[in-house]
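Everything on this sheet refers to the single structure shown next.
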Protein chains: 2
Amino acid sequence: MRRILPIPPIKSVADQVRDGLRAAIIDGQFAMGENISEERLTALFGVSRSPIRDALNALKFAGLVEIVPKRGSFVFLPGDAEVADLCAFRLMMEREAATLAMAAAPDLLVARLKAICARMARAEEDSDHADYAHADTAYHAAFFEFCGNPLVCDAYALADARIATLRTALTAPSDRHRADSFREHLAMAEQLGRGDLDGFRATLSEHINRTRRIATRELQRFKTKADAAAAR
Amino acid sequence: MRRILPIPPIKSVADQVRDGLRAAIIDGQFAMGENISEERLTALFGVSRSPIRDALNALKFAGLVEIVPKRGSFVFLPGDAEVADLCAFRLMMEREAATLAMAAAPDLLVARLKAICARMARAEEDSDHADYAHADTAYHAAFFEFCGNPLVCDAYALADARIATLRTALTAPSDRHRADSFREHLAMAEQLGRGDLDGFRATLSEHINRTRRIATRELQRFKTKADAAAAR
DNA sequence: GTCTTACATGTTACATGTTAGATTGATCAA
DNA sequence: TTGATCAATCTAACATGTAACATGTAAGAC
């Protein structure tokens with residue numbers, strides 16, 4: 001039978017907690033490394049420990065939370081090596097996903113990328129750094145939306161939440177980075193628009209490697225500040 | 001104090017159930033599509049529903065188990081499209097992981113691959129198809145062992161349990177497939193041994209695409225048999 | 001005979017109680 | 001001061017009870 005009313009869009013409590021917590025971490029409402037015990041989240045979300053536990057387990061797979069047995073759950077806090085792995089991984093995945101997307105739906109992809117560049121320009125004019133970060137995340141997610149293989153999307157999901165968190169916490173606040181980043185996003189959209197895959201790959205590599213350098217540098221500052229706060 | 005034993009090597013009950021269930025599914029002790037309700041597994045493993053639930057959730061991420069809300073949990077049963085996605089994904093991941101591994105530890109990789117080929121030859125002489133399948137799985141896992149990036153390994157983990165299951169259930173039983181497959185494994189090891197990455201990539205692509213054709217064909221036979229059994 | 005509904009059954013989602021591991025700090029002895 | 005021991009506390013792991021939901025089937029209306 002044909003469904004008229006599409007679907008009762010019910011999400012389990014666990015899924016709601018997962019999505020809410022994920023968004024909260026990405027937007028910096030919980031700091032990297034912060035303790036988020038089941039009990040604390042129970043109070044914050046007003047539900048029992050079961051769905052909280054399920055949500056934490058799900059976010060563990062995304063690398064966003066670390067669960068230490070009998071000790072607690074914490075927002076991830078990467079070291080330099082983890083940042084490097086994350087960047088190498090996303091470079092590889094985005095390069096391949098973009099290649100697939102350019103084979104499957106090049107026009108849709110390019111249109112989407114250019115639209116997001118416009119959004120970035122607007123965010124920059126409004127000095128809305130949070131929205132710039134969200135647009136940045138959406139830009140890179142676009143490669144996967146059009147790549148046509150759910151597994152490739154799932155694989156990117158292993159990294160994208162962490163990347164987005166690093167973006168809002170570390171790279172997006174830098175004026176200089178946003179300016180460089182915007183130029184590169186624009187360049188990549190144009191390169192794909194004229195089918196210049198090699199050029200795109202080169203720009204993507206530069207873009208991600210520069211992002212890695214900024215993130216690594218800012219991470220040190222973040223940790224220094226966090227240590228100082230802990231010493232008090 | 002410096003830790004001498006790096007990690008307390010205790011595994012939680014949930015982890016044991018996860019690994020045990022994973023191995024059982026891969027080895028065909030549960031058929032594809034079979035109902036594995038929490039209650040049933042509770043009886044089989046002799047533990048409560050909590051760790052069972054955690055294990056099922058973990059295997060859901062590996063695509064090995066499908067959890068349908070309020071209806072039950074089932075061993076995955078792919079359609080042709082899912083098999084194709086799985087193969088396209090593994091082709092991409094193995095190609096990239098092998099490239100990384102050849103940059104990081106080419107000698108170790110090639111030695112491992114050749115050792116596994118020897119094991120395959122032994123398994124074939126003994127007509128031990130299960131061990132051949134395990135060696136096959138280990139062969140492809142070797143690319144990731146030496147690739148040096150944990151995220152790349154995690155990404156492959158999204159597919160490898162399903163691939164291994166299809167192997168034991170569908171492709172490994174075919175004498176013809178094992179013979180072709182063995183030649184290709186040997187060829188890839190030799191190509192990598194002499195640094196012929198392009199040749200390797202071509203052989204890998206052939207290998208995986210042939211595997212996909214066999215798996216797709218045998219999947220039809222499996223489903224026909226399963227339907228006949230269900231009709232009874 | 002067909003359609004609808006009520007009910008029995010199977011299953012997970014969620015809540016909550018209990019257990020045990022890890023950590024911290026106090027206490028006390030050397 | 002130093003070091004060891006122990007108790008208190010915090011936490012996730014695990015067990016179990018309850019409720020809501022999906023489904024198949026059979027009874028009943030027409």
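We name chains A, B, ... by the order of the sequence lines, and we start the count at 1 in each one.
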Which value, rounded to the nearest 0.5 Å, describes the distance between A:D54 atom CG and A:R18 atom CZ? 10.0 Å
Between B:D19 and B:R22, does any NZ, NE, NH1 or NH2 come within less than 4.0 Å of an OD or OE carboxylate oxygen? no
Do any of residues 31-44 of chain B sit with a heavy atom less than 4.0 Å from DNA chain D, and if so which? none
Please determine, by modelled atom types, if A:H140 and A:D160 share a side-chain donor-acceptor pair under 3.5 angstrom. no
Does the pair A:D131/A:R122 count as a salt bridge with the N-to-O cut at 4.0 Å? no
Within the pair A:S73 and D:dA12, is there a side-chain N or O less than 4.0 Å away from OP1 or OP2? yes
At their closest point, which heavy atom of A:P78 faces which heavy atom of A:M32, and how far apart are they? CD-SD, 4.2 Å
5' to 3', nucleotides 14-20 of chain C under a 4.0 Å protein heavy-atom cut-off (B base, S sugar-phosphate only, - none) gives BBBBB--
Measure from CD on A:Q16 to P on C:dA13 and round the result to the nearest Å. 14 Å
If I take atom CD1 in residue B:I52 and atom P in nucleotide D:dA13, what distance separates them, rounded to the nearest angstrom? 16 Å
Could you pick out which residue, A:P69 or B:L56, lies toward the 5' side of DNA chain C when each is mapped onto its nearest nucleotide? B:L56
Knowing that exactly one of B:K70, B:R53, B:R71 qualifies, which makes a salt bridge (charged side-chain N to carboxylate O under 4.0 Å, His left out) with B:E38? B:R53
Between A:D85 and B:N149 (side chain of the first, backbone of the second, donor and acceptor by atom type, cut-off under 3.5 Å), is there such a pair? no
Keeping B:R40 on the side-chain end and B:N35 on the backbone end, is there a donor-acceptor pair under 3.5 Å? yes
Measure from CZ on B:F74 to C1' on D:dA22 and round the result to the nearest Å. 11 Å
